[in-house]
Protein chains: 2
Amino acid sequence: RCESLVEIYFQLQQQVLALGAELGAELLARLQERFSEVMSSLVKSSFLVEKQPPQVLKTQTKFQAGIRFLLGPRLLKASAKPYMVRADMVTEKQARELALSVYSSTLSESTGEIMHNVVALETNPTSGTCCANFKNVLLKKIKRCERKGSESVTEEKCAVLFSTTVALSPGNLSIHLQVLSLPIVVIVHGNQDNNAKATVLWDNAFSEMDRVPFMVAERVPWEKMCETLNLKFMAEVQTTKGLLKEHYFFLAQKIFNDHSASPEDFQNRSVSWAQFNKEILPGRGFTFWQWFDGVLDLTKRCLKSYWSDRLIVGFISKQFVCKLLSSAPDGTFLLRFSDSEIGGVTIAHVMRGKDGSSQVENIQPFSAKDLSIRSLG
Amino acid sequence: RCESLVEIYFQLQQQVLALGAELGAELLARLQERFSEVMSSLVKSSFLVEKQPPQVLKTQTKFQAGIRFLLGPRLLKASAKPYMVRADMVTEKQARELALSVYSSTLSESTGEIMHNVVALETNPTSGTCCANFKNVLLKKIKRCERKGSESVTEEKCAVLFSTTVALSPGNLSIHLQVLSLPIVVIVHGNQDNNAKATVLWDNAFSEMDRVPFMVAERVPWEKMCETLNLKFMAEVQTTKGLLKEHYFFLAQKIFNDHSASPEDFQNRSVSWAQFNKEILPGRGFTFWQWFDGVLDLTKRCLKSYWSDRLIVGFISKQFVCKLLSSAPDGTFLLRFSDSEIGGVTIAHVMRGKDGSSQVENIQPFSAKDLSIRSLG
DNA sequence: GGAAATTCCGGGAATGATC
DNA sequence: GATCATTCCCGGAATTTCC
């Protein structure tokens with residue numbers, strides 16, 4: 001716990017002071033300086049975002065966020081007038097500048113006004129916490145950055161900067177505290193939600209620690225992508241049953257648009273952001289992620305239990321279904337996610353003629369709406 | 001045309017001035033005073049609302065309005081800097097005060113802020129008009145008045161006050177112009193639209209000229225109500241086929257909840273606002289107007305042509321239908337507006353047994369939605 | 001505790017921007 | 001003129017306010 005660290009530091013300072021005479025003026029000064037440096041950095045790093053604002057943030061829509069000052073209860077006891085914490089939108093560029101400069105640069109121009117963005121930093125004596133809770137915060141409007149080339153607004157990342165200036169209890173040292181939220185994609189309409197989620201997912205999954213905000217690899221190993229998709233699937237659908245080898249193979253064929261490679265071939269490939277959510281799948285009107293997100297949504301809403309009972313193969317190609325079913329008894333069927341329709345599921349079944357010939361049929365896909373009309377799922 | 005009136009006045013003034021010496025100082029002064037009085041009143045009454053703001057006005061929703069200064073082109077020629085016209089929400093009480101006081105009292109507190117409410121008064125030389133067009137006006141929020149008793153917010157009337165101060169061309173006489181819009185009912189949600197429309201309809205139909213704003217009778221002769229309903233029906237449905245005697249009789253039975261009186265009895269009755277849109281119809285969950293408005297809506301959207309071809313009896317009681325149909329051949333049917341469901345229409349048909357017994361059946365009513373599903377109407 | 005009034009917000013449709 | 005981006009606003013649902 002960092003409180004105890006502070007205690008140790010205070011004790012250290014006391015001891016140093018007590019020994020002041022013995023150490024000599026120069027050494028004492030150097031120790032003092034070092035001490036306040038470490039102290040300041042410790043204090044600053046105890047100023048944290050406790051509740052992150054939503055990473056896909058819609059304008060004109062209320063959201064919540066919260067920050068917590070771990071050392072607050074220890075260091076701010078005496079304050080009568082409450083300290084105010086501000087929340088401001090910052091662009092990726094501004095975030096980068098903030099990260100570079102040790103000094104707290106003032107924000108030049110705002111990229112979007114947040115309403116009710118000043119909140120008191122409150123110390124709760126019973127729980128021993130010092131928090132600022134942003135309840136009714138709302139981003140009024142967003143000013144987009146100039147985008148280069150084919151970048152869309154849903155690829156643009158920004159963040160919320162929380163900042164305050166407090167006077168520390170011993171010595172009344174004034175110190176400026178600030179902390180950035182995780183990167184945020186701002187949208188203005190629900191129809192941008194998909195793409196914004198892609199950006200956030202990619203960022204959360206593949207960004208390095210302590211990066212320059214908000215750099216992230218442009219391509220990643222396919223295996224990492226599989227892991228990410230799997231985690232996302234399980235989290236979103238709320239299931240413990242993850243994706244299987246065969247599923248990954250099918251997904252690889254789809255995202256790479258390569259139907260000749262073997263599962264092993266894909267293992268060592270890398271997948272690009274463009275393949276993930278910029279390029280349109282050939283012959284379809286949507287990207288890989290848009291399709292996958294449709295599957296997530298459908299499964300979450302209607303098919304959770306069926307999936308968890310492993311009753312849905314889902315991620316399987318039409319061709320492979322044919323192969324599988326053609327050797328299956330008459331009437332055998334399986335559930336497959338539609339390739340052509342976002343958020344669709346289809347029933348593939350085999351009909352066997354008397355002569356032993358087999359015919360595999362795919363039913364017109366069902367959407368979540370269709371299922372709800374039939375009160376299924 | 002009032003321009004010519006102005007010309008006459010100007011000539012008169014010239015003549016009076018020319019004769020000044022002969023008339024004597026006192027008489028001249030009195031004539032001058034009288035002249036500027038009449039002139040001022042003339043100018044003021046040429047400041048008009050050309051385009052009324054919607055009488056049912058929803059907050060946070062853009063609307064338009066326009067005012068026109070008839071004498072503007074004649075009197076404002078010289079102005080370089082444009083005169084600005086303001087639009088402000090005023091309560092009924094404020095409107096009443098404005099009407100009483102000849103002097104332009106300044107508005108104390110606003111009952112609701114209108115955005116982009118200051119617009120230039122522009123003279124268009126080609127068309128010879130002087131207008132101020134409020135394009136992107138929007139009422140941010142409404143402060144409701146204290147209501148007495150059972151009054152609902154949708155019975156509260158307010159208005160928009162348009163005002164400006166201009167300097168008249170000859171003599172640079174500064175004059176304050178203001179004009180009120182028609183009364184307005186402010187709503188915050190579409191579900192208040194019905195009731196607001198009732199208030200507006202009652203007001204438009206039954207208010208006297210030059211009343212104290214916005215007084216209106218609390219009860220009116222049933223015949224007047226019939227006339228109003230008929231006009232409303234034809235205007236709303238866009239049909240030339242109005243309501244008939246039998247329809248009025250049925251409506252009277254409904255609104256008065258009196259099934260024993262004769263058509264002639266109703267002729268001399270008067271109907272109250274409460275009966276029109278405050279009291280719930282017995283056994284139903286809605287008022288007379290709410291029901292009637294549902295009929296309007298359904299007919300307008302789905303049944304316009306059928307109504308215009310007189311294929312719909314519509315306003316007829318279940319009992320009377322029974323009587324009618326029981327003497328009709330097997331299979332006869334008619335269309336009747338549902339009593340129990342707002343915006344519903346039902347088919348009543350007769351089934352005649354072999355023994356000659358008749359059985360009148362009412363189909364479960366169709367709503368506009370039902371009809372659109374069956375792609376009818 | 002229920003009705004009235006309002007706020008919240010998803011998503012369809014219209015509009016505006018951009019290439 | 002097609003796509004992307006945004007605004008506009010209806011109306012269901014949740015929440016708040018008022019009796």
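Within every chain, numbering begins at 1; the chains are lettered A, B, ... in the order of the sequence lines, protein sequences first and strands thereafter. Because only heavy atoms are used, hydrogens play no part in the values below, and waters and symmetry mates are left out as well, while side chains stay in.
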Between atom [atom1] in [X] and atom [atom2] in [N], what is the gap in whole Å?
X: B:K135; N: C:dT15; atom1: NZ; atom2: C1'; answer: 16 Å
X: A:N136; N: D:dT15; atom1: CG; atom2: C1'; answer: 12 Å
X: B:F63; N: D:dC10; atom1: CZ; atom2: C1'; answer: 19 Å
X: A:I280; N: D:dA2; atom1: CD1; atom2: P; answer: 16 Å
X: A:M115; N: C:dT7; atom1: CE; atom2: C1'; answer: 14 Å
X: A:K140; N: C:dC9; atom1: NZ; atom2: C1'; answer: 18 Å
X: B:L57; N: D:dC9; atom1: CG; atom2: C1'; answer: 14 Å
X: B:Q290; N: C:dA4; atom1: CD; atom2: C1'; answer: 13 Å

ask   = Does the ring centre of B:F63 sit less than 6.0 Å away from the ring centre of B:F134?
value = no
ask   = Any chance the side chains of B:Q55 and B:D203 put a donor and an acceptor closer than 3.5 Å?
value = no
Donor-acceptor pairs are to be reported for all side-chain atoms of residues 181-194 of chain B against protein atoms at under 3.5 Å, with residues two or more places apart or in another chain.
| from | atom 1 | to | atom 2 | distance (Å) |
| --- | --- | --- | --- | --- |
| B:S181 | OG | B:V160 | N | 2.9 |
| B:H189 | ND1 | B:N191 | N | 3.0 |
| B:H189 | ND1 | B:N191 | OD1 | 3.2 |
| B:H189 | ND1 | B:N191 | ND2 | 3.4 |
| B:Q192 | OE1 | B:V188 | N | 2.7 |
| B:Q192 | OE1 | B:H189 | N | 3.2 |

Contact list (N/O, under 3.5 angstrom) for nucleotides 3-7 of chain D vs protein:
| from | atom 1 | to | atom 2 | distance (Å) |
| --- | --- | --- | --- | --- |
| D:dA5 | OP1 | A:V153 | N | 2.9 |
| D:dT6 | OP1 | A:R144 | NE | 2.8 |
| D:dT6 | OP2 | A:R144 | NH2 | 2.9 |
| D:dT6 | OP2 | A:Q192 | NE2 | 3.2 |
| D:dT7 | OP1 | A:K141 | NZ | 2.9 |

message = Using 30° and 60° as the class boundaries, would you call the ring planes of A:W307 and A:F337 parallel, tilted or perpendicular?
response = parallel
inquiry  = Once you measure the plane-to-plane angle for B:W289 and B:F292, does it fall in the parallel (<30°), tilted (30-60°) or perpendicular (>60°) bin?
reply    = tilted
Listed once per pair and sorted, the salt bridge (Lys or Arg N to Asp or Glu O under 4.0 Å) pairs that draw on residues 274-299 of chain A, sequence neighbours left out = A:E155-A:K278, A:K197-A:D293, A:D297-A:R301
